[in-house]
> 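Below: one structure in structure tokens.
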Amino acid sequence: MESKQNNLRLLAVDLDGTLLTDDKRISEANLAALQAAMEQGIHVCLATGRAWPGARAYAECVGPDTPVVTNNGAMIVDPRTDEILFELQLAREDAKEIYALGESLGISMVVWSQNILYGSRMDALIEDYEQRFGKMKARPVTSIDELSKQGISKILWYSMSGQAVAWSKLVPESIRERVSVETSSINALEFFNRNVSKAQAVGRVAEGLGLSLSETMAIGDAGNDLPLIKAAGLGVAMGNAMEHVKAMADAVTADNEHDGVMEAVRRYLLK
């Protein structure tokens with residue numbers, strides 16, 4: 001599929017593994033491509049699994065002209081004001097059950113509540129997450145029951161040894177029936193309200209622009225990007241994407257270390 005898609009009016013782009021290089025930068029080529037798209041009237045929406053504090057600096061760099069989809073779609077934020085425009089939280093009992101299961105398995109867990117970062121234990125894994133994705137110091141979880149009353153956007157099981165897929169197989173069907181379970185990387189297994197997905201959230205953003213997902217090009221690399229890639233008018237997988245994501249995409253671009261976003265924007269969007 002090499003021809004440009006004349007009906008595409010919205011670009012939804014993931015951050016980690018997609019727009020960002022491995023050292024968490026936006027390359028000059030990728031940034032220039034996004035700015036060129038906006039100059040030609042294409043709306044740009046950042047759609048990330050990150051919570052807003054971890055995405056804010058990238059939104060400031062890109063200057064998207066739409067709200068930012070965060071927490072895999074559990075929250076949509078106005079990047080100009082930090083206002084939360086939409087949020088779907090985990091049900092209280094679901095959050096407590098997911099947390100208890102993680103504790104029984106000895107897993108270090110991240111909890112996001114009201115855009116505040118919490119850690120199940122203050123260990124090296126939580127410190128790594130703080131630096132890479134959280135962009136703030138984690139607070140210890142003193143009571144998951146109290147946090148669930150406050151409202152939890154997502155719970156994330158975190159490793160640095162590629163355990164997310166293996167962990168996914170340990171989540172019982174009784175939990176999967178009630179929540180959304182996504183691998184956002186080989187190191188992160190994330191839990192959300194069952195109605196949360198990037199596809200649902202980007203659809204809301206598109207509707208606000210008078211557009212639809214059929215007029216959207218989506219670019220991503222991981223399992224949590226797949227619903228959006230499948231629902232979009234044109235779904236593009238990164239060259240570094242998980243193999244099952246590539247298999248379901250309409251097209252595959254270069255990897256995140258070689259300006260894959262720029263390549264896809266030039267190929268399918270720019271006139």
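In this text the structure is predicted, and so the values were computed from the model without any measurement. Counting begins at 1 with the first residue of the sequence. Just the heavy atoms: all of them, side chains too, but no hydrogens, waters or symmetry mates, feed the values below.
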> Mind checking whether L19 and Y268 sit in one hydrophobic cluster, side chains of I, L, V, M, F, W, Y counted as touching below 4.5 Å?
yes
> For a quick test of reading the model, state the closest non-hydrogen atom pair linking R50 to L20 and the distance between them.
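So the two residues come closest at NH2-CD1, 3.9 Å.
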> Hey, could you give me the CG/CG distance between L234 and N7, rounded to the nearest 0.5 Å?
9.0 Å
> Could you work out, with side-chain hydrogen bond (donor to acceptor under 3.5 Å, both in side chains) as the rule, every residue matching D22, not counting sequence neighbours?
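Counting only residues at least two positions away or on another chain, D22 forms a side-chain hydrogen bond (donor to acceptor under 3.5 Å, both in side chains) with N256.
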> Rounded at 0.5 Å granularity, tell me how far OG in S148 sits from CD in E93.
7.0 Å
> Please find the pair of heavy atoms, one from S108 and one from L125, that lie closest to each other, and give the distance.
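Shortest heavy-atom contact: OG-CD1, 3.4 Å.
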> Taking T18 as the fixed residue, which of N30, V236, L46, I219 is the one that meets the side chain to side chain contact (heavy atoms under 4.5 Å, CB included) rule?
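Among N30, V236, L46, I219, the one that satisfies the side chain to side chain contact (heavy atoms under 4.5 Å, CB included) with T18 is I219.
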> Answer yes if the side chains of D23 and T21 hold a donor-acceptor pair under 3.5 Å, and no otherwise.
yes
> Specify the closest pair of heavy atoms between A55 and L15, including all atoms of both residues, with the distance to one decimal.
CB-CD1, 4.1 Å
> Output the distance between atom CZ (R9) and atom CD (Q40), rounded to the nearest 0.5 Å.
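Result: 10.5 Å between the selected atoms.
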> Determine whether M75 and V68 make a side-chain contact, defined as any pair of heavy atoms from C-beta on separated by less than 4.5 Å.
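They are not in contact (no side-chain heavy atoms under 4.5 Å apart), so the answer is no.
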> Applying side-chain hydrogen bond (donor to acceptor under 3.5 Å, both in side chains), name anything that partners K135, two or more places apart in sequence or on another chain.
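If we apply the side-chain hydrogen bond (donor to acceptor under 3.5 Å, both in side chains) test to K135, skipping adjacent residues, there are no hits.
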> Quick check for you: to the nearest 0.5 Å, what is the distance between L8 atom CG and I42 atom CD1?
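So the gap between those two atoms works out to 7.0 Å.
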> Could you name each residue pair satisfying salt bridge (charged side-chain N to carboxylate O under 4.0 Å, His left out) that touches residues 66-77, not counting sequence neighbours?
none
> Just wondering, do V110 and I126 contact through their side chains at under 4.5 Å, heavy atoms?
yes
> Can you list every side chain to side chain donor-acceptor pair (under 3.5 Å) pair that touches residues 74-84, not counting sequence neighbours?
W52-D82, R56-D82, D78-R80
> Which pair of heavy atoms, one from A74 and one from V196, lies closest together, and at what distance?
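Smallest heavy-atom distance, with atoms named: N-CG1, 3.5 Å.
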> Side chains of F133 and D16: closer than 4.5 Å at any heavy-atom pair?
yes
> List for me each residue that meets salt bridge (charged side-chain N to carboxylate O under 4.0 Å, His left out) alongside R176, sequence neighbours excluded, and say none if there are none.
none
> Suppose we screen for ring pair (Phe, Tyr, Trp, His ring centres under 6.0 Å). Which residues come up paired with F192, at least two apart in sequence or across chains?
none
> Which heavy atom in P67 sits nearest to a heavy atom in P79, and how many Å separate them?
CA-CD, 3.8 Å
> Tell me, please, which residues at least two apart from D94 pass side-chain hydrogen bond (donor to acceptor under 3.5 Å, both in side chains).
R178
> Report the C-alpha separation of K198 and D14 in whole Å, then their side-chain angles, then the decisive distance to 0.1 Å, and conclude whether the salt bridge (Lys or Arg N to Asp or Glu O under 4.0 Å) test is met.
CA-CA 9 Å; K198 289 186 181 182; D14 173 48; 3.0 Å; yes
> When clusters are formed from ILVMFWY side-chain contacts under 4.5 Å, directly or step by step, what else is grouped with V181?
L90, I98, Y99, L101, L105, I107, M109, V111, I116, Y118, V141, I144, L147, I152, I155, W157, W167, L170, V171, I175, V179, L189, F191
> Can you tell me which residue pairs pass the salt bridge (charged side-chain N to carboxylate O under 4.0 Å, His left out) test with a partner in residues 204-222, sequence neighbours excluded?
none
> Side chains of E182 and S184: any donor to acceptor distance under 3.5 Å?
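Looking only at side-chain atoms, E182 and S184 do not form any donor-acceptor pair under 3.5 Å.
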> Apply salt bridge (charged side-chain N to carboxylate O under 4.0 Å, His left out) to E190 and list each qualifying residue two or more places apart in sequence or on a separate chain.
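Salt bridge (charged side-chain N to carboxylate O under 4.0 Å, His left out) list for E190, sorted by chain: K154.
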> For Q200, enumerate each residue passing the side-chain hydrogen bond (donor to acceptor under 3.5 Å, both in side chains) test, keeping only those at least two apart in sequence or located in another chain.
none
> Any chance you could lay out the side-chain hydrogen bond (donor to acceptor under 3.5 Å, both in side chains) test for S120 and E103, step after step, and finish with the verdict?
CA-CA 8 Å; S120 63; E103 279 198 319; over 6 Å; no
> Suppose the criterion is ring-ring contact (aromatic ring centres under 6.0 Å, His included): which pairs have a residue in residues 215-264, not counting sequence neighbours?
none
